[in-house]
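The structure appears right after this line, and notes come after that.
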Amino acid sequence: MARKRSSTADDHQERFEFPRGWLARFRRELVRWYAAQARPLPWRASRDPYAIWISEVMLQQTTVAAVVPYFERFLARFPTVQSLAEAPEQELLRVWEGLGYYSRARNLQRAARTIVAPEAEGGLAGQFPQTVEGWIALPGIGRYTAGAIVGFAFDMPAPIVEANTLRLYARLMGYADDPRSARGQRLLWDFAERIVPQESPGQFNQALMELGSLVCRPVDPDCRDCPVNSCCRALAEGTQAEIPMAAKRPVITDLVEHAVVIERDDSCLLWRWNPGERWAGLWDFARFGAEHLPAAESASRTDLAEAVRKALGLAVEIGDCFHELTHGVTRYRIRLRAWRARPLSDGTKTAKNRTPLTSTRETLWVPIAELGDYPLSVSARKVATVLTKRSRGLFDKAW
DNA sequence: GAATCGTGGCC
DNA sequence: TGGCCAAGATT
């Protein structure tokens with residue numbers, strides 16, 4: 001790739017060198033294209049920093065299609081930073097349920113509380129940060145998100161690099177090495193910084209991502225109809241299919257767990273994932289890893305009952321497997337089988353709804369009709385849906 | 001730098 | 001259908 005070193009000996013900065021006329025042409029053609037092709041996404045209709053902040057956090061590692069309904073529900077339920085700051089965590093997680101990466105929701109609320117807190121308490125007295133540095137100081141906001149927010153909300157010229165622009169820049173530069181390495185990141189951010197115009201930088205950044213998303217796609221990029229194909233080094237060299245270099249992906253291993261739906265009257269037992277656990281803050285049916293159970297695949301009822309007794313101090317009678325779920329998680333493929341169980345005795349007597357147990361997790365008996373009020377893991381929600389239908393007589397399939 | 005954190009859609 | 005991908009941040 002084209003690069004140059006500055007003349008000073010102690011400056012080892014390397015950067016992509018723009019060919020003559022490149023930048024003006026690139027900006028002009030991109031802006032022209034975006035004016036005609038921009039999708040009307042909900043957050044593009046707003047310049048409210050709060051709404052833009054929420055959308056950007058939701059969009060972290062999440063597809064546009066998945067975010068749209070969550071974004072609209074979230075703003076309806078928490079229309080202001082004050083309402084978010086004051087929300088019970090359970091309600092917040094209930095709105096976030098199914099979106100994944102739940103620490104995003106908790107960080108969002110931590111940041112909201114910082115924003116509304118008085119200055120005397122280290123807060124921002126209800127004012128949003130006005131700079132990239134100010135936004136980065138808030139939890140859950142990194143360099144990309146901060147740049148995106150100040151660009152879209154305040155029309156400030158800040159560089160952005162995320163999945164779409166990483167791919168776009170790497171191809172424009174013809175950068176065949178790893179764009180995720182430290183060196184690659186330096187080059188990309190430097191590139192991003194130099195292409196952002198002073199005029200309408202927010203729109204320009206939107207246009208960059210839109211082009212990356214719709215035209216400069218990961219597979220089968222539409223170079224023929226690309227408005228800046230004359231600016232693209234990868235296309236000139238025919239390397240657009242090899243750039244950017246593929247990311248290393250973690251090995252996925254199978255993890256089989258058994259979820260036990262313990263019923264008593266019209267209620268069932270939930271436990272809550274602890275801080276630091278995978279679904280921290282969410283409720284779930286008790287799960288038991290198959291690796292701890294002999295004859296796991298056949299999952300003898302005796303083994304499950306014993307696991308429940310040990311973990312929850314609850315003697316149960318295990319019934320049938322009623323549901324099987326498979327879903328991919330970052331590093332595991334979980335096969336979750338849910339079994340029904342009826343408690344024979346809980347061994348102790350304490351407060352009405354609490355189950356006292358040896359479990360290190362909080363547990364709770366929840367009426368099946370009220371399962372909708374609790375934030376559940378996705379797999380637990382699927383099981384809960386089955387239970388709810390059954391309790392309404394809508395689901396007749398026997399256990 | 002590497003690992004971790006979720007889920008759904010697509011081919 | 002299994003691998004790849006998604007408006008990243010945090011530790």
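Throughout, protein chains are lettered first and strands after them, A, B, ... in sequence-line order, and every chain is numbered starting at 1. Quick caveat: nothing in here was measured; it's all calculated off a predicted structure.
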Ring geometry between A/Phe26 and A/Trp22 (parallel below 30°, tilted from 30 to 60°, perpendicular above 60°): parallel
Closest to side chain of A/Tyr102, choosing from B/dG6, C/dA7, C/dG8: B/dG6
Proximal nucleotide (of B/dT7, B/dC5, C/dA7) relative to the A/Tyr101 side chain: B/dC5
C/dA7 and B/dT4: how far apart are their P atoms, nearest whole angstrom? 24 Å
Between A/Ser181 and A/Leu376, who's closer to the 5' end of DNA chain B by nearest nucleotide?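 Nearer the 5' end of the strand: A/Ser181.
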Give me, pair by pair, the N or O atoms of the protein and of nucleotides 1-3 of chain C that are less than 3.5 Å apart, along with how far apart they are.
none

Compare side-chain N and O positions of A/Arg180 against OP1 and OP2 of C/dG8 and report whether any pair is under 4.0 Å apart.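 Indeed not, no polar side-chain atom of A/Arg180 lies that close.
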Select base, sugar-phosphate, or nothing to describe what A/Ala182 touches, counting heavy atoms under 4.0 Å on all strands. sugar-phosphate
At 4.0 Å (heavy atoms only), tell me whether A/Arg167 reaches a base, stays on the sugar-phosphate, or touches nothing.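 Sugar-phosphate, no base atom in range.
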Which of residues 50-71 of chain A have a heavy atom under 4.0 Å from DNA chain B?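 DNA chain B contact set from residues 50-71 of chain A: A/Gln61, A/Thr62.
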Below 4.0 angstrom, N of the basic side chain to O of the carboxylate: do A/Arg361 and A/Glu277 qualify? yes
Taking A/Arg309 first and then A/Glu306, would you say they form a salt bridge - that is, a charged N and a carboxylate O separated by under 4.0 Å?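 Yes, this pair counts.
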